[in-house]
Amino acid sequence: MNDSHAMDPARADEVFAHWEEKYGSSEGVWSGHVNAALAHVVADLPAGTALDLGAGEGGDALWLAERGWEVTGIDISPTALSRAERAAERAGLSERVTWVAADLETWSCTREFDLVTASFLQSAVALDRGRILRAGADRVAVGGHLLVVAHAEAPPWAHDGDHDHHARMHFPTPEDDLKVLDLPADEWTTVVADVRERTAFAPSGEEVVLRDGVLLLRRSA
């Protein structure tokens with residue numbers, strides 16, 4: 001796990017503490033499975049190099065690696081990435097994935113990727129999401145794609161006890177993200193911009209329907 005990119009001490013402490021506490025609160029926060037929208041949209045793209053922004057415990061990055069992608073997964077939480085790293089080892093994918101512990105607002109690189117993904121970059125604590133998405137777009141190679149997946153609305157359990165942190169989140173539409181990105185129309189093509197439904201399970205165990213905004217852009221120049 002590469003953690004050579006230093007986080008900005010002026011603003012990273014709160015974000016770092018928030019996500020470390022979240023991941024440290026249990027042995028596994030997410031399912032470990034790929035996001036449904038990402039799997040559906042990326043399935044037909046030819047494998048190449050991928051950058052996963054906010055990789056968490058590695059579900060999306062490992063899914064991509066299993067399908068031949070060379071993946072770099074970035075997250076602010078070392079705890080999350082330690083789990084992702086162990087999962088990669090168990091799956092025999094360590095050579096296909098590089099994990100980087102870094103603050104997405106300050107991390108930078110000059111490498112370009114065939115695919116940059118950002119799934120559910122929404123937080124109850126301060127997060128300059130627009131800056132992160134624009135930086136991600138800058139890392140897309142010509143002919144490559146940028147995929148942004150976002151919670152389109154709060155889940156049904158959002159105001160139940162400990163889950164009311166959703167009330168402090170912003171739920172952008174694909175159109176909102178297009179405006180935030182503000183990419184040159186002569187260099188980018190919108191491939192997908194819609195809201196999709198998926199089934200999931202609430203903390204209570206009840207099956208519910210969630211809605212995700214999905215934006216896929218292709219860089220042409």
Side-chain angles (χ1 to χ4, degrees), residues 2 4-5 7-8 11 34-56 59-65 67-76 96-100 102-123 126-153 169-196 211-221:
N2 177 356
S4 61
H5 298 277
M7 290 177 283
D8 179 2
R11 59 149 299 278
V34 64
N35 289 316
L38 184 147
H40 185 266
V41 171
V42 175
D44 293 332
L45 297 181
T49 58
L51 174 64
D52 186 24
L53 303 174
D60 290 350
L62 295 178
W63 184 89
L64 289 166
R67 283 150 184 80
W69 293 81
E70 177 193 334
V71 188
T72 298
I74 306 174
D75 201 275
I76 197 170
R96 301 205 66 86
V97 188
T98 299
W99 306 107
V100 179
D103 183 340
L104 288 174
E105 288 189 35
T106 59
W107 180 82
S108 64
C109 77
T110 57
R111 182 182 176 187
E112 293 186 335
F113 299 82
D114 299 309
L115 173 67
V116 175
T117 66
S119 297
F120 308 124
L121 283 183
Q122 292 151 279
S123 174
L127 181 73
D128 192 341
R129 186 170 175 273
R131 177 178 177 177
I132 294 169
L133 295 181
R134 289 189 293 272
D138 287 342
R139 302 274 57 81
V140 178
V142 173
H145 293 81
L146 172 67
L147 173 63
V148 181
V149 181
H151 298 296
E153 61 186 16
M169 290 185 183
H170 174 57
F171 298 95
T173 65
E175 291 73 23
D176 291 334
D177 283 336
L178 275 171
K179 291 178 182 178
V180 166
L181 284 162
D182 192 25
L183 298 171
D186 60 343
E187 296 181 9
W188 291 85
T189 301
T190 300
V191 181
V192 176
D194 59 25
V195 176
R196 302 182 177 188
R211 301 175 74 241
D212 299 329
V214 182
L215 178 64
L216 180 68
L217 305 172
R218 183 180 184 276
R219 187 169 194 169
S220 56

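Rounding to the nearest 0.5 Å gives a distance of 8.5 Å between CG of D75 and CG of D52. The CG atom of L181 sits 8.0 Å away from the CH2 atom of W188 when rounded to the nearest 0.5 Å. Annotation: the span from T49 atom OG1 to R139 atom CZ amounts to 11.5 Å, rounded to 0.5 Å. Atoms CG and CG, from D128 and D103 in turn, are 10.0 Å apart once rounded to the nearest 0.5 Å. Rounding to the nearest 0.5 Å places CG of L216 at 5.5 Å from CG of L147. The structure places CD of E70 at 9.5 Å from CG of D114, a figure rounded to the nearest 0.5 Å.
Across every non-hydrogen atom of H145 and V191, the tightest pair is CD2-CG2, 4.5 Å. Across all non-hydrogen atoms, the minimal contact from A193 to T190 is CB-CG2, 3.8 Å. When all heavy atoms of W99 and A55 are compared, the pair lying nearest together is CZ3-CB, 4.2 Å. Minimum heavy-atom separation, A39 to V34: CB-CG1, 3.8 Å. In this structure, L215 and P174 approach most closely via the heavy-atom pair CD2-O, 3.9 Å. Heavy atoms only, all atoms of each residue included: A152 and G213 are closest at CB-N, 3.9 Å.
Checked by atom type and distance alone, the side chain of R96 never pairs as donor or acceptor with a backbone atom of V71 at under 3.5 Å. The main-chain N or O of W63 is found under 3.5 Å from a side-chain atom of R67 such that the two form a donor-acceptor pair. Counting only distance, with no hydrogens or angles, the side chain of R134 and the backbone of V180 share a donor-acceptor pair below 3.5 Å. No side-chain donor-acceptor contact under 3.5 Å links R219 to the backbone of E187.
In this structure, the side chains of L178 and L217 come closer than 4.5 Å at one or more pairs of heavy atoms. Using a 4.5 Å heavy-atom cutoff, the side chains of L64 and L115 are in contact. The shortest distance between side-chain heavy atoms of V116 and L53 falls below 4.5 Å. Using a 4.5 Å heavy-atom cutoff, the side chains of E105 and I132 are in contact. Counting heavy atoms from C-beta outward, V214 and H40 have side chains that stay 4.5 Å or more apart. Put simply, the side chain of L51 reaches to within 4.5 Å of the side chain of I74, judged on heavy atoms. Looking at heavy atoms from C-beta onward, V149 lies out of side-chain contact with V41 at the 4.5 angstrom threshold.
Remark: D138 engages no residue in a side-chain contact (heavy atoms from CB on, under 4.5 Å) (not counting sequence neighbours). Looking at residues two or more places apart in sequence or on another chain, you find a salt bridge (charged side-chain N to carboxylate O under 4.0 Å, His left out) between R196 and D194.
Contacts classified as salt bridge (charged side-chain N to carboxylate O under 4.0 Å, His left out) and involving residues 172-182 (residues at least two apart or in different chains) are given here: R129-D177.
The aromatic rings of F171 and H151 stand perpendicular to each other, their planes meeting at an angle above 60°, with 30° marking the opposite boundary.
For the side-chain hydrogen bond (donor to acceptor under 3.5 Å, both in side chains) test with N35, the passing option among D212, T117, D60 is D60; the others fail.
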